[in-house]
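Heads up: numbering here begins at 1 and tracks the sequence.
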Amino acid sequence: HIRAVIALSDIIRPEASVIINYLQKKCKISCYMITGDDKVTAHAVANSIGLSVDHVFASAKPSDKQEVVKQLQQYGSLVNISENIESNDDMEHIPDTTITGIKSVCFVGDGTNDSPALAQANVGIAMAGGTDIAVETGDMVLCKSDLFGLLIAIDLSKVTLRRILLNYVWAFIYNLMLIPFAAGVFYPSFQIALDPMLAGAAMALSSVSIVVSSLSLGLYKSPKVVDNIINIHQQNNKNKIENNDHKLDDTDDENENNPQHTCDCNPSTALLDDDMDTDIPISYFSIMV
């Protein structure tokens, strides 16, 4: 007879499936998962968050994660090593048919074993509450513990790049128009010249306008589509919690009416990281007699 069953499972971030779906369908970004877990576990997680198992790399050591990022940067796709990674030798023989061009790779991680990959990636993003070495290695740190900051970071990077291009265009046109006046190009023909004091002021105004344009990024607000995704996700989580509370109440009522069928199923909680503020359930213990 079974006397006890102990089940252990990691908690999948509830917003993971939403983020993966948005990145793949809206942003047209290929998403991969590199994990030290075995293939069965990794594929189960991938299926639950809507990620293709062809983009899953399981049983990866820290050096393997770095090598995967390196190969993605070089080839763009790694169909030959989508199965379990046994050693770096498996990643050395990539046929030329997989080459799709040099790719920019962004790696998101929070553990010590993610540090080599964070350093290798074009952009390394560390999660808040992660290990110190991951935070130090990452190019960017998400201040909140959820993945929605990733969507905001991508949008903010696009806004920043557009602003840089706008500043370049503005500075080019501004100087193209005023430098001839300041140099006296039109004076011989049209007797038009710019006073040296005004020329100096105009040069300073060019720099000031660029600085003000750059500082206006401080007024950045996340796009409405991201806010809508966050609000919908939070509302869904709230509804799930309410439904679970109702189910627990119904279960308690049934147990009171039928005490002989009572089964203790109490979640065990533990603080996974000293920097985290809340307790996260990491296991469930079911005792059956």
Side-chain angles (χ1 to χ4, degrees), residues 8-20 22-24 27 29-46 48-78 81-88 90-91 103-154 157 270-278 280 282:
L8 301 177
S9 63
D10 292 329
I11 300 299
I12 300 176
R13 292 181 181 272
E15 72 277 8
S17 59
V18 178
I19 300 299
I20 295 296
Y22 184 86
L23 291 176
Q24 293 185 140
C27 300
I29 296 176
S30 297
C31 298
Y32 292 80
M33 182 175 71
I34 313 174
T35 177
D37 292 332
D38 61 78
K39 184 171 66 174
V40 175
T41 302
H43 285 188
V45 172
S48 66
I49 62 176
L51 186 65
S52 172
V53 294
D54 293 334
H55 286 190
V56 174
F57 303 91
S59 303
K61 300 186 292 291
S63 58
D64 294 330
K65 294 183 179 183
Q66 181 183 17
E67 187 65 22
V68 169
V69 173
K70 188 183 301 184
Q71 294 289 346
L72 284 173
Q73 290 172 326
Q74 184 175 359
Y75 298 103
S77 62
L78 296 175
I81 62 169
S82 59
E83 298 296 330
N84 281 11
I85 298 173
E86 298 297 338
S87 67
N88 288 338
D90 296 335
M91 291 176 281
K103 299 294 183 179
S104 295
V105 177
C106 173
F107 186 91
V108 183
D110 61 357
T112 302
N113 57 352
D114 296 324
S115 299
L118 285 169
Q120 177 64 40
N122 299 87
V123 179
I125 300 180
M127 299 294 297
T131 59
D132 292 339
I133 187 172
V135 172
E136 289 293 332
T137 306
D139 301 301
M140 182 186 301
V141 179
L142 300 183
C143 296
K144 294 184 179 180
S145 59
D146 59 60
L147 293 171
F148 289 114
L150 182 60
L151 302 184
I152 297 176
I154 292 174
S157 67
L271 197 61
L272 297 183
D273 194 292
D274 294 335
D275 296 332
M276 300 178 69
D277 297 326
T278 58
I280 300 179
I282 60 171

Less than 4.5 Å apart, any side-chain heavy atom of [X] and any of [Y]?
X    : Y    : value
V18  : L147 : no
I125 : L118 : no
V56  : H43  : yes
L51  : Q24  : yes
Q66  : Q71  : no
I49  : I12  : yes
N122 : C106 : no
I19  : F148 : yes

Rounded at 0.5 Å granularity, tell me how far [atom1] in [X] sits from [atom2] in [Y].
X    : Y    : atom1 : atom2 : answer
L72  : S104 : CG    : OG    : 11.5 Å
S30  : H55  : OG    : NE2   : 5.5 Å
I34  : D64  : CD1   : CG    : 9.5 Å
S115 : F107 : OG    : CZ    : 9.0 Å

Discussion item. Side chains of Q120 and E67: any donor to acceptor distance under 3.5 Å?
Written reply: no

Item to complete: Determine, step by step, whether L150 and V108 satisfy the side chain to side chain contact (heavy atoms under 4.5 Å, CB included) criterion, reporting the C-alpha distance in whole Å, the side-chain angles of both residues, the deciding distance to 0.1 Å, and the verdict.
Response: CA-CA 9 Å; L150 182 60; V108 183; 4.1 Å; yes

Worksheet item: Checking T41 side chain against D37 main chain: does a donor-acceptor pair fall under 3.5 Å?
Response: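 Between the backbone of D37 and the side chain of T41 there is no qualifying donor-acceptor contact (under 3.5 Å).
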
Worksheet entry | Expected output: side-chain D139 to main-chain G124 donor-acceptor under 3.5 Å |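 Checking the backbone N and O of G124 against the side chain of D139, a donor-acceptor pair under 3.5 Å is found.
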
Worksheet entry | salt_bridge(K65, D114) N-O dist < 4.0 Å | yes

